[in-house]
Amino acid sequence: MQPTFEEFVTARGGSLLRFALMLTGDRHQAEDLVQSVLAKAYVRWDRVAGMSQPEAYLKRVLVNENLRWWRRRSSREVPVAAPDDGPAGSDAVGSHAAREAAWALLGRLPRRQRAVLALRYYEDLSDTQIAEVLGCTPGTVRSQAARALATLRAVVPAMDREALP
């Protein structure tokens, strides 16, 4: 029996949001991305729910939609720093600094490489599963991951060691 749209979103919506956050690096943009993808899926839910892996399909749509948004935004929007709405305090400051350093590192990567790392290390998918989500070959996944990790390794020594997580 196929889950209803509401049952699926209740069960897996949090996972989709966390994945979108890994892709975008911004909570509000991740929420918008998930909302947009789920709105598209709702219209075709019977077909999506009938797939063997509807969550994998929706993750692929999230990646593609994120790339589409990035291409659109890169031609007309200029991001600005936003104030932190989080709690104040010494623990929060250290945690925030570590999180910001990690996002700064990931932000240096192209979107596709960031998606590969998020799928590999955050979602714990194999190269074959990542290739299915991204619509490429496992060899492309491995080369994108290698390039991303090489970029991160080259950047880390140049950064302030205390700012790193």
Side-chain angles (χ1 to χ4, degrees), residues 3-45 48 53-125 129-130 132-135 141 144-145 147-149 151-152 155-156 159-165:
T4 66
F5 180 77
E6 292 79 11
E7 291 170 342
F8 179 83
V9 172
T10 300
R12 302 306 304 156
S15 173
L16 292 174
L17 180 60
R18 287 187 298 275
F19 178 66
L21 181 59
M22 295 301 295
L23 291 174
T24 63
D26 177 75
R27 178 148 183 99
H28 301 292
Q29 190 176 3
E31 290 170 349
D32 290 345
L33 182 63
V34 171
Q35 181 178 4
S36 173
V37 168
L38 289 177
K40 290 178 182 179
Y42 178 76
V43 177
R44 298 175 185 87
W45 184 247
V48 173
Q53 297 178 340
E55 186 174 358
Y57 170 77
L58 290 175
K59 286 180 180 178
R60 181 175 185 166
V61 175
L62 281 168
V63 169
N64 291 338
E65 188 71 13
N66 182 50
L67 292 172
R68 190 174 304 116
W69 281 11
W70 179 78
R71 288 180 190 121
R72 236 181 303 169
R73 189 191 81 205
S74 67
S75 65
R76 59 181 182 195
E77 289 184 18
V78 178
V80 296
D84 181 29
D85 293 333
S90 61
D91 283 342
V93 171
S95 174
H96 180 72
R99 200 170 34 254
E100 287 299 312
W103 283 123
L105 287 172
L106 289 173
R108 294 175 181 243
L109 298 175
R111 299 257 179 195
R112 194 146 176 98
Q113 289 178 8
R114 189 184 316 168
V116 167
L117 292 185
L119 288 166
R120 179 180 276 182
Y121 296 108
Y122 187 74
E123 293 292 324
D124 200 27
L125 298 181
Q129 292 169 318
I130 295 169
E132 289 174 14
V133 170
L134 297 178
V141 169
Q144 291 288 310
R147 287 184 187 128
L149 293 173
T151 300
L152 294 177
V155 171
V156 169
M159 293 185 73
D160 180 10
R161 288 286 181 188
E162 291 181 18
L164 294 175

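For this chain, numbers begin at 1 and follow the sequence in order.
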K.L.:
So for atom CZ, which belongs to Phe5, do other residues, nucleotides or ligands contribute more than 12 heavy atoms lying within a distance under 6.0 Å?
P.N.:
yes

K.L.:
Within the side chain of Thr10, is there an N or O that forms a donor-acceptor pair under 3.5 Å with the backbone of Glu6?
P.N.:
yes

K.L.:
For atom OH of Tyr122, is the number of surrounding heavy atoms from other residues, nucleotides or ligands below 6.0 Å larger than 12?
P.N.:
yes

K.L.:
Compare all side-chain heavy atoms of Phe8 with those of Leu58 and state whether any distance is below 4.5 angstrom.
P.N.:
yes

K.L.:
Show me, pair by pair, the donor-acceptor contacts under 3.5 angstrom made by side chains of residues 19-27, not counting sequence neighbours?
P.N.:
| from | atom 1 | to | atom 2 | distance (Å) |
| --- | --- | --- | --- | --- |
| Thr24 | OG1 | Ala20 | O | 3.0 |
| Thr24 | OG1 | Asp26 | N | 3.2 |
| Thr24 | OG1 | Asp26 | O | 3.1 |
| Asp26 | OD2 | His28 | N | 3.3 |
| Asp26 | OD2 | Gln29 | N | 2.7 |
| Arg27 | NE | Glu31 | OE2 | 3.3 |

K.L.:
Under the side-chain contact (heavy atoms from CB on, under 4.5 Å) test, which residues partner Arg112, sequence neighbours left out?
P.N.:
Leu67, Leu134, Cys136, Gln144

K.L.:
Specify the closest pair of heavy atoms between Trp45 and Thr4, including all atoms of both residues, with the distance to one decimal.
P.N.:
NE1-C, 3.4 Å

K.L.:
Of all the heavy-atom pairs spanning Arg120 and Ala145, show the shortest one and how long it is.
P.N.:
NH1-CB, 3.3 Å

K.L.:
Could you pull out the closest heavy-atom pair between Glu132 and Arg60, with the gap in Å?
P.N.:
O-NH1, 3.3 Å

K.L.:
What residues, two or more places apart in sequence or in another chain, satisfy salt bridge (charged side-chain N to carboxylate O under 4.0 Å, His left out) together with Arg12?
P.N.:
Glu55

K.L.:
Taking all non-hydrogen atoms of both residues, which atom of Gly107 and which atom of Arg114 are closest, and how far apart?
P.N.:
CA-NH2, 3.6 Å

K.L.:
Mind checking the CG-OG1 spacing from Leu105 to Thr151? Nearest 0.5 Å is all I need.
P.N.:
11.0 Å

K.L.:
Do Glu123 and Gln129 have side-chain heavy atoms sitting under 4.5 Å apart?
P.N.:
no

K.L.:
For residues Leu117 and Leu149, determine if any side-chain heavy atom of one lies less than 4.5 Å from a side-chain heavy atom of the other.
P.N.:
yes

K.L.:
Mind listing the closest non-hydrogen atom pair of Leu16 and Val34 along with its distance?
P.N.:
O-CG2, 3.6 Å

K.L.:
What pair of heavy atoms forms the shortest contact from Ser36 to Glu65, and how long is it?
P.N.:
OG-OE2, 3.8 Å

